[in-house]
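Here's the structure we're looking at; comments come further down.
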Amino acid sequence: MDAHQAQAMIRFGLGRRGEEKLPTDPGAWLAGQLDRPDPGLALATHSSADGLAALRQFRQMMQARKQAAKAPAAPAGKPRPPGMVNPIRRVYVADAQLALDHMLETDAPFRERLVWFWANHFTVSLRRGFCAAVAVSFVQEAIRPHVTGRFVDMVLAVMRHPAMLLYLDNAQSIGPDSPAGRRTHRGLNENLARECMELHTVTPAAGYTQADVTAFARVLTGWSINFQANPPGFMYRRFAHEPGAQTVMGQHFAGGEEAGVAALTWLADHPATHHHLARRLVQHFVADTPPVDAVARVEGVLRDTRGDLKAASLELIRLPGAWQPLTKLRQPADYVVGVLRAVDLPQARRPGLLASMAGLGQPFFTAPLPNGWPDTAADWAGPETMLRRIDWSFEVAGRAAMRDPAAVARASLGGLLPPATFEQVARAGSRREGMTLLLAAPEFQRR
């Protein structure tokens with residue numbers, strides 16, 4: 001594997017899987033992944049309706065438990081009822097395992113990297129526990145279908161999805177002057193509006209004010225969830241929508257659900273949004289400090305195509321800086337996936353992916369804040385973090401005792417493997433020691 005092939009597989013992909021066939025034209029291989037359907041859409045995960053039904057069941061179980069606690073004590077000797085099986089946890093674990101296994105096995109790793117880039121851009125987190133029921137369905141329904149489509153379509157899908165409505169509390173946001181607001185005296189929640197403007201679209205660089213955030217939050221009132229429907233899902237609650245027109249950043253939006261669609265469409269195609277998205281894409285795929293000229297090129301594509309994400313992704317692989325030596329530090333999740341693709345273990349011998357990511361400091365779907373996981377080396381290169389990687393690589397090396405570390409080194413890094421590192425791996429006292437040296441080597445930490 002020459003350096004160009006290795007850069008395509010590592011910088012833009014998830015790392016070579018074992019000794020999978022190498023692309024003769026790395027650029028065409030990357031571009032070709034965006035021309036065909038996403039194989040991840042075929043994963044047999046639960047839908048958001050399934051997740052909401054599990055959440056509804058959990059709430060019913062918790063209510064029954066409260067009622068049982070108030071009931072008289074059972075007679076001595078009477079069998080206790082069986083413990084609860086958390087339906088939310090059941091859905092999440094099953095779906096997360098399917099998603100992670102797909103990362104290890106996909107033959108479209110560039111597309112998969114883009115899926116998880118956008119999933120991080122539009123973060124939902126298990127730190128709001130109910131989100132676990134719909135976290136993976138969020139990626140399947142709101143992110144995957146739009147990775148090579150228009151950004152505005154992704155934004156609309158994200159903002160309507162139950163995961164985002166739960167995570168940022170819009171399901172409970174009520175216009176103070178709406179019929180529901182006057183009756184219940186409950187009010188506005190600005191979380192979704194604020195994060196959409198600050199993180200997902202225009203950013204504070206666009207010069208919006210707190211008044212704009214409040215007005216946008218009024219526009220989004222009524223975007224909620226119907227748990228009682230069959231199937232449960234998104235519902236526009238007209239009686240909870242703040243009546244009247246609103247002004248956001250000088251733009252006037254009439255009332256009703258259509259106002260939310262119009263406001264999101266305008267924000268998604270704003271020049272400040274194009275710049276923000278371009279900078280994040282270049283930072284993720286090229287360098288921690290994004291080169292100004294590279295950002296300008298991707299920004300120009302987004303501007304000229306009105307937010308065509310496929311065109312922006314293709315521009316990334318045309319950037320001269322995209323084929324420079326690897327400098328980005330792999331995030332823990334990316335490192336786990338890259339290691340396990342390289343050693344290519346049978347499923348029964350793999351360490352648990354959920355436990356591995358958590359142990360290295362990046363638990364799946366558990367970003368601490370709505371701005372997602374950080375994307376620079378400074379955030380992941382602490383001494384304790386790197387020691388954890390070494391310890392984990394030693395565990396993996398023990399599971400991969402049947403693999404020749406020198407062969408894995410050549411297959412996974414190829415032309416990016418320095419002779420000194422290869423010599424250390426090849427001359428190690430045991431296969432486990434040699435594999436650990438490889439997986440902990442600086443060259444393996446980069447993408």
Side-chain angles (χ1 to χ4, degrees), residues 48-49 51-53 55-60 62-64 66-67 122 124-125 127-131 133-134 138 142 155-202 204 206 208-268 370:
S48 58
L52 292 175
L55 176 51
R56 182 175 61 195
Q57 180 188 2
F58 177 78
R59 287 173 168 172
Q60 291 168 346
M62 293 303 294
Q63 185 61 33
K66 288 180 181 179
Q67 292 174 352
F122 292 107
V124 299
S125 175
R127 291 178 183 267
R128 299 295 302 273
F130 289 160
C131 289
V134 285
F138 172 71
V155 169
L156 290 170
V158 162
M159 295 303 157
R160 282 193 174 106
H161 198 276
M164 188 61 74
L165 294 171
L166 285 170
Y167 179 55
L168 292 178
D169 302 305
N170 209 75
Q172 290 81 41
S173 184
I174 295 175
D177 294 324
S178 69
R182 291 195 302 269
R183 185 179 72 250
T184 65
H185 304 292
R186 293 168 59 191
L188 203 61
N189 189 299
E190 297 183 355
N191 287 353
L192 181 61
R194 179 180 297 106
E195 306 304 358
C196 179
M197 296 180 77
E198 180 179 344
L199 302 176
H200 303 155
T201 57
V202 293
Y208 63 80
T209 66
Q210 176 56 42
D212 293 316
V213 174
T214 300
F216 185 35
R218 292 190 184 113
V219 170
L220 294 177
T221 50
W223 288 43
S224 188
I225 301 168
N226 186 345
F227 283 94
Q228 305 310 316
N230 190 18
F234 173 83
M235 179 182 184
Y236 174 68
R237 298 185 183 274
R238 180 175 51 83
F239 56 84
H241 179 70
E242 180 73 1
Q246 306 292 335
T247 300
V248 181
M249 295 178 64
Q251 303 294 309
H252 302 289
F253 301 100
E257 183 180 2
E258 297 78 11
V261 173
L264 287 166
T265 299
W266 183 78
L267 288 168

With sequence neighbours excluded, what pairs up with [X] under the side-chain hydrogen bond (donor to acceptor under 3.5 Å, both in side chains) test?
X	value
H161	E141
S224	R237
T247	H252

To the nearest 0.5 angstrom, please state how far the [atom1] atom of [X] sits from the [atom2] atom of [Y].
X	Y	atom1	atom2	value
L188	Q172	CG	CD	12.5 Å
L156	T265	CG	OG1	5.0 Å
R160	E257	CZ	CD	5.5 Å
C196	L267	SG	CG	6.0 Å
L52	Q228	CG	CD	11.0 Å
Q63	Q60	CD	CD	9.5 Å

Side-chain heavy-atom pair [X], [Y] within 4.5 angstrom cut-off:
X	Y	answer
W223	H241	no
T221	S178	no
V155	H200	no
L199	F122	no

With C131, the side chain to side chain contact (heavy atoms under 4.5 Å, CB included) member among L168, L55, L166: L166
Sequence neighbours excluded, the answer for side-chain contact (heavy atoms from CB on, under 4.5 Å) partners of P231 is A49
Could you tell me which residues satisfy side-chain contact (heavy atoms from CB on, under 4.5 Å) with Q57, sequence neighbours excluded, listed by chain and number? M61, P87, R90
Can you tell me if R59 has over 12 outside heavy atoms packed within less than 6.0 Å of its CZ? yes
Taking only residues two or more places apart in sequence, or in another chain, which ones meet Y167 in a ring pair (Phe, Tyr, Trp, His ring centres under 6.0 Å)? none
Sequence neighbours left out, what passes ring pair (Phe, Tyr, Trp, His ring centres under 6.0 Å) with Y208? Give chain and number order. none
Taking salt bridge (Lys or Arg N to Asp or Glu O under 4.0 Å) as the definition, give me every residue that meets it alongside [X], ordered by chain and number, with sequence neighbours left out.
X	answer
E190	R194
R128	D169
E258	none
D177	none

What is the ring orientation for F58 with F130, classed by angle as parallel under 30°, tilted 30 to 60°, or perpendicular over 60°? perpendicular
Could you name each residue pair satisfying salt bridge (charged side-chain N to carboxylate O under 4.0 Å, His left out) that touches residues 210-226, not counting sequence neighbours? none
